[in-house]
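To keep things clear, I will list the structure first and then write my remarks on it.
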Amino acid sequence: MNEEFFASVYNKALDIISRREHSEKEIKNKLLKKFDTSEIIDEVILKLIKNNLINNFRYAQMYVHVRKRKGFGPMKIQFELMTRGINDSISSIAISEEGSWKEAAQIAFNKKFKNGASNDFNERYKQKSFLRNRGFSFEEIDSVFG
């Protein structure tokens, strides 16, 4: 293995993760755009994992926290994590640890609908659809309209 090439791939990976947390899949995809040797990229990723510089669980915790603050619900966040290479067991734990999803649904609703829940059937349907599209469960949505 070319030590110099390994070092340049490793340094690029460090550069990427110095800005924010990334999942293994995100790092691999970014490195594959710049370098065409997947074997060395895999070795770099293993070294980063061994040194705890890449940690999918830590990434999932950060991602859940940030997306929840932006008004998204657990179902949407879980799907987004899946597309970023995080398995269901890790994302489920991170989502349940974050908790307070009914409060998050209420906050997202209040931010979007300043006048509160509508009595008009069609408008109320739109309000519920907004929360459903944001990834909140029916139970969390019902808690807003309860």
Side-chain angles (χ1 to χ4, degrees), residues 1 5-118 122-146:
M1 172 179 57
F5 185 67
F6 180 88
S8 66
V9 174
Y10 189 79
N11 288 334
K12 180 62 181 170
L14 289 177
D15 182 47
I16 293 167
I17 61 178
S18 70
R19 294 179 181 82
R20 69 165 174 86
E21 289 280 349
H22 287 75
S23 68
E24 281 177 55
K25 182 180 177 183
E26 287 178 326
I27 293 287
K28 185 170 187 162
N29 289 342
K30 287 184 179 191
L31 291 174
L32 282 170
K33 287 179 184 174
K34 188 150 177 75
F35 306 100
D36 60 354
T37 333
S38 62
E39 303 85 38
I40 291 181
I41 290 172
D42 290 340
E43 289 178 39
V44 165
I45 288 174
L46 285 174
K47 184 174 179 179
L48 292 166
I49 292 169
K50 185 177 163 227
N51 294 332
N52 201 27
L53 295 171
I54 298 178
N55 181 315
N56 277 348
F57 184 68
R58 189 176 62 220
Y59 170 80
Q61 288 176 310
M62 176 276 309
Y63 190 87
V64 169
H65 182 73
V66 168
R67 296 299 281 166
K68 179 184 172 193
R69 249 192 2 236
K70 290 187 176 185
F72 293 96
M75 294 186 312
K76 183 172 183 78
I77 294 170
Q78 183 142 22
F79 176 77
E80 291 172 347
L81 284 169
M82 183 189 71
T83 65
R84 286 162 173 76
I86 305 299
N87 69 42
D88 280 344
S89 60
I90 290 176
S91 59
S92 293
I93 293 169
I95 286 168
S96 70
E97 281 182 357
E98 183 70 28
S100 304
W101 291 104
K102 288 180 181 178
E103 291 87 347
Q106 186 69 57
I107 291 167
F109 179 83
N110 292 344
K111 191 173 181 182
K112 174 78 173 172
F113 303 103
K114 309 273 188 244
N115 297 328
S118 175
N122 289 331
E123 187 59 32
R124 194 177 193 104
Y125 179 80
K126 286 179 188 174
Q127 291 175 334
K128 287 184 177 185
S129 292
F130 166 77
L131 290 173
R132 199 169 38 256
N133 292 336
R134 280 295 180 111
F136 291 102
S137 70
F138 289 113
E139 181 185 345
E140 292 152 357
I141 293 168
D142 283 346
S143 74
V144 171
F145 293 89

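Residue Asp36 qualifies as open at atom CG: its count of foreign heavy atoms under 6.0 Å is 12 or below. Around atom CZ of Phe145, more than 12 heavy atoms belonging to other residues, nucleotides or ligands sit under 6.0 Å away. No more than 12 heavy atoms of other residues, nucleotides or ligands lie within 6.0 Å of OH in Tyr125, so this atom counts as exposed by the packing criterion.
Separating the CD1 atom in Ile17 from the CZ atom in Arg19 is a distance of 11.0 Å, to the nearest 0.5 Å. Interatomic distance, Ile49 CD1 to Asn55 CG, rounded to the nearest 0.5 Å: 9.0 Å. Interatomic distance, Leu31 CG to Thr37 OG1, rounded to the nearest 0.5 Å: 10.5 Å. Between Lys25 atom NZ and Ile45 atom CD1 the span is 12.0 Å, to the nearest 0.5 Å. Note that CD1 of Ile16 is 9.0 Å distant from NZ of Lys34, once rounded to the nearest 0.5 Å. For the atom pair CZ (Arg69) and CD (Glu98), the distance works out to 9.5 Å, reported to the nearest 0.5 Å.
For the 3.5 Å distance criterion, the side chains of Tyr63 and Glu21 fail to qualify, holding no donor opposite an acceptor. No side-chain N or O of Ser118 forms a donor-acceptor pair with one of Gln127 less than 3.5 Å apart.
Under the 3.5 Å distance criterion, the side-chain polar atoms of Asn133 are matched with a main-chain donor or acceptor of Ser129. A donor-acceptor contact shorter than 3.5 Å links the side chain of Ser91 to the backbone of Asp88. A donor-acceptor contact shorter than 3.5 Å links the side chain of Arg134 to the backbone of Gly71. Side-chain N or O atoms of Trp101 include one that pairs as donor or acceptor with a backbone N or O of Ile95 at under 3.5 Å. Here the side chain of Asn56 pairs a donor or acceptor atom with the backbone of Glu24 at under 3.5 angstrom. Ser23 contributes a side-chain N or O that, together with a main-chain N or O of Arg84, makes up a donor-acceptor pair within less than 3.5 Å. Judged by distance alone, the side chain of Lys128 and the main-chain N or O of Asp142 form no donor-acceptor pair under 3.5 Å. Remark: the backbone N or O of Leu53 is not paired with any side-chain donor or acceptor of Asn51 at under 3.5 angstrom.
Outside the 6.0 Å centre-distance limit, the rings of Phe72 and Phe136 are not counted as a close aromatic pair. Checked against the 6.0 Å centroid criterion, the rings of Phe109 and Phe130 do not qualify as a close aromatic pair.
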Dump the intermediate steps for side chain to side chain contact (heavy atoms under 4.5 Å, CB included) on Lys126 and Glu123, then the final yes or no. CA-CA 5 Å; Lys126 286 179 188 174; Glu123 187 59 32; 4.0 Å; yes
Can you check side chain to side chain contact (heavy atoms under 4.5 Å, CB included) on Ile40 and Phe35, steps first, answer last? CA-CA 9 Å; Ile40 291 181; Phe35 306 100; over 6 Å; no
Passes side chain to side chain contact (heavy atoms under 4.5 Å, CB included), Asn52 versus Arg58? Steps please. CA-CA 10 Å; Asn52 201 27; Arg58 189 176 62 220; 3.4 Å; yes
Is there a side chain to side chain contact (heavy atoms under 4.5 Å, CB included) between Ser143 and Gln106 once you walk through the steps? CA-CA 8 Å; Ser143 74; Gln106 186 69 57; 5.8 Å; no
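Between Leu32 and Ser38, the shortest heavy-atom distance links the atoms CD2-CB, 4.1 Å. When all heavy atoms of Phe6 and Val44 are compared, the pair lying nearest together is CE1-CG2, 3.5 Å. For the pair Ala104 and Lys68, the tightest heavy-atom approach, listed with the atom from each and the gap, is CB-CE, 3.7 Å. Smallest separation of non-hydrogen atoms from Ile90 and Ala60: CG2-CB, 3.9 Å.
In summary, Glu140 and Lys102 do not engage in a salt bridge, as defined by a charged side-chain N under 4.0 Å from a carboxylate O. For Arg20 and Glu26, the salt-bridge test passes: some basic side-chain N is under 4.0 Å from an acidic carboxylate O.
A 4.5 Å side-chain heavy-atom check between Lys12 and Lys30 finds every atom pair outside the cut-off.
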